[in-house]
Amino acid sequence: MQKLEGISLSQGAVIGKIHFYREAEYEIDEGDYDDSEAEIERFEKALEVVKEHKFALAEAAEANSDNEGALVFVSHVALLEDRGLIRRVEDYIREMRKSAEFGVKIGFNDVADDIRSLPDPYIMRRSDDILELEREVLEELMGHSGGISFGRDPYILAANDLTASEVARIDRKHVLAIILKEGNLNTHASILAKGLGIPCVIRAESLSYACDGKEAIVDGTNGVIILQPDEDTVGKYDDIMKENRDFADSLMRLKGKMTVTKDGREVRLYANISNPYDVETVLENDASGIGLYRSDFLFLKDRDYPSEEEQYLSYRKVVEEMSPRSVVIRTVDIGSDKNVPYLHLSEEENPALGMRAIRISLTRLDFFKCQLRALLRASAYGNMRILFPMITSLAELMECKKLLLECEEELHREHVAVGSYKVGVMVETPAAALISDQLAAETDFLSIGTNDLTQFTLAIDRQNPNLDRFYDPHHPAVIEQIRMTIEAGHRHGCLVFICGELAGDISMTESFMRMGVDGLSVNPQFVLPLRQRIRELDLKA
Ligand code: PEP
Ligand code: MG
């Protein structure tokens with residue numbers, strides 16, 4: 001038995017087997033290759049090797065009477081023999097005169113995209129299999145091993161570190177817990193990991209690839225990982241896990257209840273999401289709406305930006321499924337730690353202060369208008385609020401509103417329905433907080449992003465793990481800006497929400513309620529604990 005110390009990111013405890021993810025470094029050569037037939041031969045050879053490996057795994061599973069496992073590997077072989085998939089790769093190699101690796105990358109992703117757009121959720125899941133096979137074929141071609149292997153049995157995902165887009169690709173049904181050697185409390189990767197509602201421990205410095213395949217207990221509450229636990233320890237954690245389950249069950253009785261203090265002050269309790277599929281968890285946890293849909297992740301998962309149609313379908317799915325509850329959708333906040341290679345953004349010294357969020361949108365108008373049109377079209381299907389991120393001046397807001405109006409007029413001319421919608425601004429820079437009066441006069445709502453507001457007020461990079469002890473969202477300068485913004489919003493009849501991580505910090509709930517906040521938006525898993533906290537408060541006492 002060995003104990004690894006780390007830092008708690010998400011609470012809870014689990015027991016399981018560790019799967020260590022090593023990011024494969026795929027540098028795909030995009031140069032021209034004249035000998036296409038030789039590249040096709042390399043591709044076919046790699047395909048054969050992966051198929052043989054799958055056959056061997058199927059045989060081993062059968063020998064262990066694991067018929068279900070055997071079937072999965074046989075189905076992988078069938079996918080690798082699919083003529084449509086093979087033709088797609090070969091056509092790319094031949095017509096574009098590119099390497100086998102390039103053909104595999106583009107061809108497999110194309111097929112995965114096609115499958116993902118099908119309405120049948122069972123078939124949609126096959127796209128994950130295709131991407132897993134793509135990685136295996138690439139590894140064979142490039143002589144790599146490792147990489148994400150989202151196996152069938154639930155496991156503890158270990159890694160040196162994970163990017164936001166890697167966390168966005170995690171299938172929560174298969175991952176019991178996340179443990180990282182590195183990691184940082186305030187990055188988007190961490191915010192997404194917390195949203196998965198599973199125990200997470202970061203900065204476990206002794207974690208290494210040697211832990212791969214070992215049984216372990218992850219104690220997210222105390223930030224500890226216990227490798228190969230003895231019987232007594234397993235017994236102790238079985239009791240803890242039962243207590244946790246009982247507590248989660250007890251919260252369920254708050255479903256359907258109002259979020260109101262003892263003295264009758266009601267507040268909107270919303271959830272933050274980053275993916276249309278999160279709506280299920282939002283409804284399970286009975287949030288009264290979505291206070292922040294980070295649309296960014298739609299832009300991170302592909303190699304090209306999503307079309308208007310693709311965006312419209314995602315936004316429509318969310319507003320329709322949540323209707324009549326309201327949904328705040330934030331326009332893209334990419335750049336900084338959310339890099340999108342197809343935008344070819346230049347390297348920056350200070351990316352958090354650089355070309356990101358609304359600055360990209362207002363610089364690349366086609367890109368922005370495509371998103372605005374998709375949002376407006378989706379507004380016909382539910383209760384939509386459009387939110388602009390990283391606003392620092394009234395002029396930026398007015399430009400956004402003008403473009404929104406232009407898109408609306410365009411859609412009217414095309415006889416495309418647009419619903420009613422509200423417009424809001426993220427207050428996540430000191431500039432926005434200081435001019436919140438002006439911004440409130442021009443918007444329907446303000447939403448305070450405490451993560452960036454802390455970063456920019458304190459001039460502390462939220463990405464830098466060495467600065468965690470200085471990154472203090474409770475700093476009086478941050479709290480004062482929250483109070484100012486709520487008051488400014490109310491002077492102009494604007495609703496004011498808080499959607500950064502501080503919204504879920506129950507040590508702040510009473511202060512926020514006393515300041516008169518209209519809504520708090522938190523990870524779906526925090527909704528019921530926060531409702532419990534609010535129902536215990538008596539602001540008149
Ligand atoms: C924030 O800055 O508080 C916020 C909610 O946005 P993000 O965490 O996505 O930057
Ligand atoms: Mg932000």
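Order of appearance sets the numbers: ligands from 1, and atoms from 1 within every ligand.
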Test applied, side-chain contact (heavy atoms from CB on, under 4.5 Å); reference residue, Arg462; option that passes from Asp468, Asn451, Thr454 = Asn451
Of Lys257, Lys255, Arg531, the residue whose pairing with Asp286 passes salt bridge (charged side-chain N to carboxylate O under 4.0 Å, His left out) | Arg531
Run through ligand 1 for me and note each protein residue having a heavy atom under 4.0 Å from it, chain first, then residue number.
-> His188, Ile191, Leu292, Arg294, Arg330, Asp333, Met426, Glu428, Gly449, Thr450, Asn451, Asp452, Arg462, Cys499, Gly500
Take Asp296 and His188 through the side-chain hydrogen bond (donor to acceptor under 3.5 Å, both in side chains) test and state the conclusion after the steps.
-> CA-CA 11 Å; Asp296 331 328; His188 283 99; 5.3 Å; no
Looking at Glu428, pick out the N, O or S atom nearest to the Mg ion (ligand 2) and give its name.
-> OE1
Closest approach of Leu269 and Val527, non-hydrogen atoms and distance?
-> CD2-O, 3.3 Å
Answer yes or no: does atom CD of Glu280 have more than 12 heavy-atom neighbours from other residues, nucleotides or ligands under 6.0 Å?
-> no
So which N/O/S atom does Asp452 have closest to the Mg ion (ligand 2)?
-> OD2
Could you tell me whether any N, O or S atom belonging to Asp333 is less than 2.8 Å from the Mg ion (ligand 2)?
-> no
Indicate the ring-plane relationship of Tyr315 and Tyr293, choosing parallel, tilted or perpendicular according to the 30° and 60° boundaries.
-> perpendicular
Ring centers of Tyr155, Tyr21 separated by less than 6.0 Å | no
